[in-house]
2 protein chains.
Amino acid sequence: MNTAGKPGRPRAGAERLSRDAILTAALRIVDDEGVEAMTMRRLAGTLGVNPMSIYHHLPNKAAVFAGLAEVVFAGLDAVQPRAGLSWQEELKDAARAYRAALQAHPNLALQVLSDPSAVSDVVVVTVEPFYRALDRGGLEPRAIFESVNTLVDFVHGFLLGELSVRAATFDLAPDLVDRVEKLPEGKAPTLSRVVLALGRDGLHYDFDSGFESALTVLVSGIESTLR
Amino acid sequence: MNTAGKPGRPRAGAERLSRDAILTAALRIVDDEGVEAMTMRRLAGTLGVNPMSIYHHLPNKAAVFAGLAEVVFAGLDAVQPRAGLSWQEELKDAARAYRAALQAHPNLALQVLSDPSAVSDVVVVTVEPFYRALDRGGLEPRAIFESVNTLVDFVHGFLLGELSVRAATFDLAPDLVDRVEKLPEGKAPTLSRVVLALGRDGLHYDFDSGFESALTVLVSGIESTLR
DNA sequence: ACCTGAACACCGTTCAAGT
DNA sequence: ACCTGAACACCGTTCAAGT
C-alpha cells in the first residue's frame, strides 16, 4: 500500500513520485504563489511526500527550475506561421508568440530569463520562427543571426519591465508624471519637458501598443540593413 | 569605547554603523561573491557587528538592494554628452553609457533589472540623455517616449544575455553549432541552415560588436519613424 | 530503486533587554 | 537612538537506514 509516511520502496508501478508529477506541482506553485514560494519542502508538502524524496528524481532545486523552463518553452515548438503574410509580419508574429509564451507563466519567466542554467535545447529551437521570417526576407546569415539576437534581447527586456510592473501591483504605482514633478529643477530638463508635454493622459501606457510600436521600429531598422 | 560585542548605545559620533557604511560593505560582497553571498548575517559579519544592528539603519534586506541600485545609477547622473555629435551618435552614446553603468557591477545588475522595487528616482533620471538626443532629433513627445522605452528595454535584454553568459563561465560554453548539430532533423530547419552556413568561425560572437550592430538597427528604425 | 527521519549548517526577522 | 542575544519559523541538502 505504501500509504503516506511509510518508508520503503513502493511496488513497481506504485511509485508515488515522478519527474513529471514533481514539475507539474512545482509549476502550479510558481504560477499561483511565485518563485519564492517554490521551496523543496513546500513542494514535497503539496505532493504529500518527504522533502528528500524529490532528490531521487531531480538532483537539486536548480534542476527543478531548469525543468520548468523546458515545460514552458516546449509549448512554443508547434506554432506554425500564418499563411500569406509578408516576411515582416511573420517576423512580428514570431516576436508576439515568444512574448505570449513567456507571459503564460509570468512568475517563472522572470526567473528563467535571468538564469542561464535554466536554458536548454528547447530554448534554442524557440528562435526558429525568427530565422524563418528573416530568411524569407533575403537577409544574409550574419544579418539574420544579429537581427534575431536584437529582437530576442528586446523581447526579454520588454518582458522584464512588463512582468516587474505586473508583479508590483501591491506597490505604489510608478507614476512617471508624479516622479518627474518632484525632481529637482534642472536635474533632467528634457525628460521633464517631454513627460509634462505628454501629460497624465498622454502617458497612460499600454504594454500591448508599446510592444507593437517597438516592433515597428525594429522591423524598419532591420529592413534598412537590406539596402 | 563600545568595543565589539558590547551592547548599548554608542556615544554621539561613535556610531559603528551608518547606511553608507552598510551599503559600501554590501556592494563589496555582491561584486566579489555575488548576490547570493549577500545575506544579512554575512553582511553583519564583515562589519563586525550583530546581524540585528543593520535593521536600525535599513528596514530589511530588500531595502539593502534598493540602496545598492541607487548607488550604481547615481554614477550615471553626471555624464555629459560629447560635443559635436549628430543626435544619432549622441543617442548611441547614451545607450553605451547605460550599458557600461550596469556592467560596472554585473552581479548586482542582474538582481536590479529583475527587481522593480529596487528602482527609485535615481533610475528615472538615468534616461535623460536618451530624451535629450531624441529631442534634438526632432521627434514628437510620444515618439520620444516610445523610442526610449524600446532602447532601454533592448539594453536590459542585452545585458541579461551578456551577464548570464559571463556568470556561467564555469558551466559548459553554450556552443550554438554543437547544439544545432545535435538537433533532430527538421526540428528547426532554417536555424540549422543559417547557423551551419555561418560556421564555427562566423559565429564567434563578440558582445561589443553585437551591441553596436543592434544600435545601428534601432537607430535606423527610429529615424524611419521621422519620415 | 525509491522513500523516510534525523541532522547540519544555514537563512530573515521579531522581540525584549541593555545603555 | 543604537546595539545585542535569544528565539522563531523557516531554508537546501547530506547521510544512514528502512523495504
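Letters A, B, ... are given to chains in the order of the sequence lines, protein chains preceding strands, and every chain is numbered from 1.
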pair A:F154-B:F158: side-chain heavy atoms closer than 4.5 Å: no
Which of these nucleotides, D:dG12, C:dT13, D:dT4, is closest to any side-chain atom of B:M40? C:dT13
By salt bridge (Lys or Arg N to Asp or Glu O under 4.0 Å) - contacts of A:R28 (at least two apart): A:D32
Using the rule given for side chain to side chain contact (heavy atoms under 4.5 Å, CB included), can you reason through B:R99 versus B:D208, listing the C-alpha separation, both sets of side-chain angles and the distance that settles it, and then say yes or no? CA-CA 10 Å; B:R99 174 179 173 227; B:D208 289 341; 2.8 Å; yes
So how far is it from B:L196 CG to B:E181 CD, rounded to the nearest 0.5 Å? 6.0 Å
Looking at C:dG12, C:dC3, C:dC15, which one has an atom nearest to any side-chain atom of A:L17? C:dC3
If we ignore hydrogens and angles and just use 3.5 Å, is the side chain of A:E146 paired with the main-chain N or O of B:A214 as donor and acceptor? no
Taking the nucleotide of DNA chain C with the nearest heavy atom to each, does B:R41 or A:S53 sit closer to the 5' end? A:S53
Pick base, sugar-phosphate or nothing for B:M52, based on heavy-atom distances below 4.0 Å to the nucleic acid. base
How long is the line joining OH of A:Y55 and P of D:dG12, in whole Å? 6 Å
Between C1' on C:dT14 and CG on B:N60, what's the gap in Å once rounded to a whole number? 13 Å
Answer yes or no: is there a side-chain heavy-atom contact under 4.5 Å between B:L68 and B:Q111? no
Rounded to whole Å, how long is the line connecting atom CG of A:L58 with atom C1' of D:dT13? 14 Å
If I take atom CZ in residue B:R42 and atom P in nucleotide C:dA9, what distance separates them, rounded to the nearest angstrom? 18 Å
When the P atoms of C:dA9 and D:dC10 are compared, how many Å lie between them, rounded to an integer? 22 Å
B:H56 or B:P59: which one's nearest nucleotide on DNA chain C is closer to the 5' end? B:P59
Taking atom C1' of D:dT14 as reference, at what distance in whole Å does atom CD1 of A:I54 sit? 15 Å
Can you tell which of D:dT4, C:dT13, D:dT13 lies closest to the side chain of B:K61? C:dT13
For this output row, return yes or no: ring centroids of A:H156 and A:Y98 closer than 6.0 angstrom. yes
Starting at CG of A:N50 and ending at C1' of D:dT13, how long is that distance when rounded to a whole Å? 12 Å
Checking all strands, does B:T39 fall into the base, sugar-phosphate, or nothing category for heavy-atom contacts under 4.0 angstrom? sugar-phosphate
From the options A:L108, A:L27, A:L43, A:D31, select the one residue that forms a side chain to side chain contact (heavy atoms under 4.5 Å, CB included) with A:M38. A:L43
Has B:H57 got a side-chain N or O lying under 4.0 Å from the OP1 or OP2 atom of D:dC3? yes
So what is the 5' to 3' dot-bracket string for DNA chain C, if pairs are Watson-Crick or G-U wobble with both distances under 3.5 Å, crossing pairs use [ ] and | means the partner sits on another strand? ||.|||||...|||||.||
In residues 21-29 of chain A, what residues come within less than 4.0 Å of DNA chain C, judged by heavy atoms? none
Check whether any side-chain N or O of B:N107 sits under 3.5 Å from a backbone N or O of B:V30 as a donor-acceptor pair, and report yes or no. yes
Hey, is B:E212 close enough to B:K92 for a salt bridge, meaning N to O under 4.0 Å? no
